[in-house]
Amino acid sequence: MINLEEIKEQEIDLTKVYDYAEFPDKVSGRCDNCNSSYFKSSVKGGVFLRECRECSMKKSI
């Protein structure tokens, strides 16, 4: 399991889906990778997924 300090030191892996409970937004409502506030959302299997439209970083909320 990766902790928050390790994420800050390394680049964000855009192929992974991060769990919001473990990795909350650095700035509320903004993408941790590119600081965009433009997201697309989807629900699949009872999981709410938020994806940044600029860089495609994903978080399950």
**Prompt:** Nearest 0.5 Å, what's the CG-SG distance between N35 and C52?
**Reply:** 9.5 Å
**Request:** Hey, could you give me each pair passing salt bridge (charged side-chain N to carboxylate O under 4.0 Å, His left out) that has a residue in residues 51-61? Not counting sequence neighbours.
**Result:** D25-K59, D32-K59
**Item:** Nearest-0.5 Å distance that lies between atom OH in Y18 and atom CD1 in I12
**Value:** 6.0 Å
**Message:** I want to check something: taking the side chain as every heavy atom from C-beta on, are Y38 and C31 in contact at a cut-off of under 4.5 Å?
**Reply:** no
**Complete:** For residues 40-49, the side chain to side chain donor-acceptor pair (under 3.5 Å) pairs (sequence neighbours left out) are none
**Asked** Who else is in F48's hydrophobic cluster (ILVMFWY, side-chain heavy atoms under 4.5 Å, direct or via others)?
**Response** Y20, V43, I61
**Message:** With rounding to the nearest 0.5 angstrom, report the CG to OG distance, L49 to S60.
**Reply:** 7.0 Å
**Prompt:** Atom CG of N33 and atom SG of C55: how far apart are they, to the nearest 0.5 Å?
**Reply:** 4.0 Å
